[in-house]
Each structure stands twice: as structure tokens, then as C-alpha cells.
**Q** 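One structure, as C-alpha cells, below. Some questions next.
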2 protein chains.
Amino acid sequence: MKGRDVVLGLLMEKELSGYDIKMVFEEIFTHFFDGSFGMIYPTLRQLEKDGKIRKEVVMQDGKPNKKMFFITDEGRKEFQQYLQSDVEKEVLRSDFLMRMYFGKYSDVSTIQKWMEEEIKRKEADIEDLLSKYETWKKGITFEEEVSLEIGIATYTAEVETLKRKLTQLKKKDALE
Amino acid sequence: MKGRDVVLGLLMEKELSGYDIKMVFEEIFTHFFDGSFGMIYPTLRQLEKDGKIRKEVVMQDGKPNKKMFFITDEGRKEFQQYLQSDVEKEVLRSDFLMRMYFGKYSDVSTIQKWMEEEIKRKEADIEDLLSKYETWKKGITFEEEVSLEIGIATYTAEVETLKRKLTQLKKKDALE
DNA sequence: GCTGACATGTAAGCAGTTACATGATTAT
DNA sequence: ATAATCATGTAACTGCTTACATGTCAGC
């Protein structure tokens with residue numbers, strides 16, 4: 001799965017501008033995908049050159065003009081090909097878990113601070129996903145629901161584990 | 001957190017060869033970090049050039065010679081600097097969750113297959129983490145325990161969610 | 001006049017990956 | 001012989017990020 005596949009996938013439903021795409025990345029994909037403007041605009045340009053999408057300039061009032069991109073039949077074909085490829089293994093890169101692994105080179109108060117920060121980050125993520133769930137509840141597809149519920153469940157499990165371990169750490173620290 | 005920081009971190013404890021480092025990446029960091037030989041060897045070369053590590057060639061019998069790398073005081077300093085930097089937000093890139101989101105462009109049997117495959121992958125990951133837990137139990141540090149338990153808890157939560165949603169999907173499918 | 005949301009883009013660089021290339025040694 | 005494990009490396013490429021650059025329009 002590349003940025004290109006995701007951009008095509010979003011255009012499958014309706015035409016979007018580069019800016020719109022960035023908004024979707026931030027609102028919906030935050031917990032399992034990321035993409036910057038520096039990736040989006042060059043990708044759109046390349047897709048247009050390849051005949052996978054076409055452009056229409058739309059005048060707006062009250063806002064600057066935008067360039068809307070529509071997927072072509074060629075583009076739909078490419079997206080279907082992506083869906084037929086093997087599912088890639090998920091990639092996680094966690095600085096927090098790495099620091100846990102290297103914990104012996106830090107002191108207990110630092111470890112504790114990192115764990116508390118991670119709990120806060122993840123609790124905020126859970127809040128965010130729950131509010132999305134509430135907002136979309138009506139129109140949501142089964143599969144979108146799966147992606148949301150997995151996010152909520154895994155973050156919740158992480159927070160619970162962290163809170164349990166934090167209590168252990170504090171007990172251990174008080175004894176010494 | 002870059003590959004460079006992780007390599008230095010591993011050398012904090014004891015000297016290792018490039019090959020040894022790769023083995024650690026595969027055995028211990030699998031679920032939150034990845035690094036190839038193509039990253040490891042150039043990184044070691046650069047670290048040596050920068051005076052952060054030094055090399056010693058070790059003859060082995062029964063095996064090819066290896067180049068062992070030792071961290072220097074300069075190197076320890078750089079690693080401590082990494083530990084003092086802000087914890088980076090974790091990055092997840094999941095092709096599986098993306099396909100869930102784009103589920104409406106696939107059929108139910110494909111979605112079901114993807115979910116079943118993901119359950120299998122994650123169950124294998126859980127088994128793997130549990131066996132590591134058993135193997136290391138005695139010598140494990142508190143922080144290593146945290147990183148293992150988070151892995152086990154989050155994967156378990158994902159598998160449970162997927163199984164629940166899969167049951168829902170099958171019921172829904174049977175009704176239609 | 002300035003801030004903030006909306007909007008588009010480029011260029012340089014980075015942190016890797018992928019594919020290739022080589023070779024020792026042991027076990028089958 | 002030949003596969004498997006151990007071992008080291010390079011070169012080309014890629015898919016992005018970061019920083020920069022520019023501009024519109026609304027509301028305060």
C-alpha cells in the first residue's frame with residue numbers, strides 16, 4: 001500500500017482536491033496511515049500524467065479556487081489491482097516501546113514520566129476514535145466500523161496494561 | 001528514533017557484529033521496529049567514522065570471522081542524548097485497516113478472508129511474544145516486561161475484536 | 001493590519017529498502 | 001554437491017519528509 005493507492009481509493013467515492021485528501025488523512029486515517037502535502041500534490045500530478053485521474057478547476061466564493069480530481073476508468077482499474085495484491089504486513093515504529101526496552105539506561109522517574117505521557121496520548125486517541133464513532137454512527141459501513149473498533153480496543157488494552165504496570169512500578173519504587 | 005540510535009543502544013550492553021544486530025532486530029524488536037542489513041552496515045561504518053564505536057576483528061572456528069563493534073564514550077554520550085530527546089509519536093502503517101476502510105469495494109468473502117488472515121497473523125505474534133516471555137522470564141527487566149506485555153495485550157484485543165466482528169459478518173451474510 | 005483557515009506547489013535531502021554480489025563453514 | 005547458516009557489504013532507487021515559497025479570502 002502506497003500513498004498512491006490510498007489517494008486513488010479516496011477518489012473512488014467522489015472527487016476531491018489535494019487539500020480535501022489531506023483533511024481525510026488527518027481525520028480518518030490518523031491511527032494507521034499518514035501523508036503530507038509534499039506527498040499528495042506530486043502523487044496527484046503523476047496520477048494525472050498517467051491518465052488515472054482528471055482535473056477540473058472549481059471556482060469558489062468566499063474561498064480560493066480549488067482543483068478537483070476525478071478518477072478515470074484506468075484509475076479504477078489500478079485501484080482494483082491494489083485490492084487484489086497481497087495484504088502487506090503492518091509496520092509499527094514505536095519510540096516509546098524502544099525506550100521501555102532500553103529502560104535500564106534511564107531512571108525510574110523518567111520511565112514513569114514516559115509511561116504517563118503514553119497513557120495520556122493513548123487516552124486522547126481513544127476519545128478521538130469514540131467521538132468519530134458517535135459522529136458517523138448512522139452512515140458507517142461494517143468495515144469502517146471494524147477499523148474504528150480495532151483502534152479503540154487496542155488502545156484501551158495498551159492503556160490498561162500501562163496503568164497496571166505503572167502501579168507495580170510505584171509500589172516497587174516505594175519499597176526501595 | 002533512528003536506526004543509528006537503536007544500534008548504539010544495543011552496543012551499550014555489549015559488543016556485537018552487524019549480523020548479531022540483525023538477529024536482535026528479528027528476535028526482540030519485531031513488533032515495533034525493523035531494520036535491514038542495508039541499513040545496519042552503512043550505519044556501523046558511519047558510527048565508526050564518527051568515533052562513536054570501534055571495531056575489532058574476531059577469528060572464529062567453525063564460522064566465518066566477524067567484526068565486533070564496541071561503543072566508545074563518545075557513543076555513550078550520543079545515546080544518552082537520544083534518551084533526553086522527546087519521545088516520538090508512534091507510527092503505524094496498516095494495509096489491513098486501510099482495506100477495511102475501503103471494504104465497500106470488495107466482496108464479503110474477500111473481507112472475511114482478510115480478517116481470518118489477520119487473526120492468524122496476530123495469533124502467531126501472540127504465541128511468539130508468549131514464548132519469549134517464558135524464555136526470558138528470569139533475567140527480564142521491568143521495562144522489557146512492559147514492552148512484551150503491551151504487545152501481548154494489544155494483539156489479544158485486536159484478535160478478540162476481529163473474532164467478534166467476524167461472527168457478526170457471518171450472521172449478517174447468512175441473513176441476506 | 002493581522003491572524004487563521006483554505007489552497008497549491010517545489011526542491012533538497014533523508015532514511016531507509018531492494019537487489020545484487022561475495023564468500024566461509026557445517027551438515028546432509 | 002548442495003542447502004543452510006553465518007557473515008559482510010554496495011549501489012541504485014524509492015517513497016517519502018521537511019522546509020520553503022506563494023497566494024486567497026474572511027473575520028476581527
**Q** Please give me every residue in residues 47-66 of chain A whose heavy atoms get under 4.0 Å of an atom in DNA chain C, ordered by residue number.
**A**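 Only Gln60(A), Lys63(A), Pro64(A), Asn65(A), Lys66(A) qualify.
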
**Q** Cut-off 3.5 Å, side chains only: do Asp128(A) and Tyr155(A) have a donor facing an acceptor?
**A**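 Their side chains do not contain a donor-acceptor pair, so the 3.5 Å distance test is not met.
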
**Q** When you measure from the centre of the six-membered ring of Tyr82(B), is the NZ or CZ of Arg99(A) under 6.0 Å away and within 45° of the axis?
**A**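 Geometry flag: set, cation within 6.0 Å and 45°.
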
**Q** For Tyr133(A) and Glu149(A), which I'm curious about, is there any donor-acceptor pair between the side chains at under 3.5 Å?
**A**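 The answer is yes; a qualifying pair exists.
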
**Q** Side-chain heavy atoms under 4.5 angstrom apart, residues restricted to Ile, Leu, Val, Met, Phe, Trp, Tyr: same cluster for Phe70(B) and Leu44(B)?
**A**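 No, Phe70(B) does not connect to Leu44(B) through the hydrophobic network.
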
**Q** Working note: Phe32(B) + Phe96(A), criterion ring pair (Phe, Tyr, Trp, His ring centres under 6.0 Å); need CA distance, chi angles, decisive distance, verdict.
**A** CA-CA 9 Å; Phe32(B) 59 87; Phe96(A) 169 72; 9.6 Å; no

**Q** End-to-end bend of the helix from dG1(C)-dC28(D) to dT28(C)-dA1(D) (five-pair axes, 10° rounding)?
**A**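 Terminal axis comparison yields 20°.
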
**Q** Keeping the roles fixed (side chain from Ser106(B), backbone from Ile111(B)), state whether a donor-acceptor pair exists under 3.5 Å.
**A**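 Pair absent, no side-chain N/O of Ser106(B) close to backbone of Ile111(B).
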
**Q** Tell me the interatomic distance from Gln46(B), atom CD, to dC14(C), atom P, rounded to whole angstroms.
**A**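 Taking atom P of dC14(C) as the reference, CD of Gln46(B) is at 11 Å.
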
**Q** Within residues 10-22 of chain B, find the residues that approach DNA chain C with a heavy atom at under 4.0 Å, and present them sorted by residue number.
**A**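 Here the set is empty: none.
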
**Q** Can you name the one residue among Thr154(A), Ile152(A), Ile150(A), Leu148(A) that meets side-chain contact (heavy atoms from CB on, under 4.5 Å) with Thr161(B)?
**A**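 That would be Ile150(A); it is the only one of Thr154(A), Ile152(A), Ile150(A), Leu148(A) passing the side-chain contact (heavy atoms from CB on, under 4.5 Å) with Thr161(B).
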
**Q** Just distance, no hydrogens or angles: give the donor-acceptor pairs under 3.5 Å from side chains in residues 168-176 of chain A, sequence neighbours left out.
**A**
unit_1, atom_1, unit_2, atom_2, d
Gln168(A), OE1, Lys165(A), NZ, 3.1

**Q** Nearest whole Å is fine: how far is dC6(D) C1' from Glu27(B) CD?
**A**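 Glu27(B) atom CD is separated from dC6(D) atom C1' by 14 Å.
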
**Q** May I ask you to decide whether Asp95(B) forms a salt bridge with Lys89(A), counting only side-chain N to carboxylate O separations under 4.0 Å?
**A**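 Looking at Lys89(A) together with Asp95(B), the answer is no, because their closest N to O distance does not fall below 4.0 Å.
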
**Q** In B/S/- notation, 5' to 3', how is nucleotides 10-22 of chain D contacted by protein heavy atoms closer than 4.0 Å?
**A** B----SSBB----

**Q** Round to the nearest Å and state the distance from Met23(A) atom CE to dC6(C) atom C1'.
**A**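 In whole Å, dC6(C) C1' and Met23(A) CE are 8 Å from each other.
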
**Q** Taking side chain to side chain donor-acceptor pair (under 3.5 Å) as the test, write out the residues that go with Lys122(A), two or more places apart.
**A**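 Partners of Lys122(A) under the side chain to side chain donor-acceptor pair (under 3.5 Å) test: Glu118(A), Glu158(A), Glu90(B).
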
**Q** Would the distance check show the side chain of Arg93(B) and the main-chain N or O of Leu92(A) forming a donor-acceptor pair, the cut-off being under 3.5 Å?
**A**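 Checked: no pair found.
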
**Q** Relative to each other, are the rings of Phe29(B) and Phe33(B) parallel, tilted or perpendicular (30° and 60° limits)?
**A**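 Rings of Phe29(B) and Phe33(B): perpendicular, as their planes differ by over 60°.
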
**Q** Looking at side-chain heavy atoms only, is the closest gap between Tyr105(A) and Arg76(B) below 4.5 Å?
**A**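 No. Closest side-chain heavy atoms not under 4.5 Å.
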
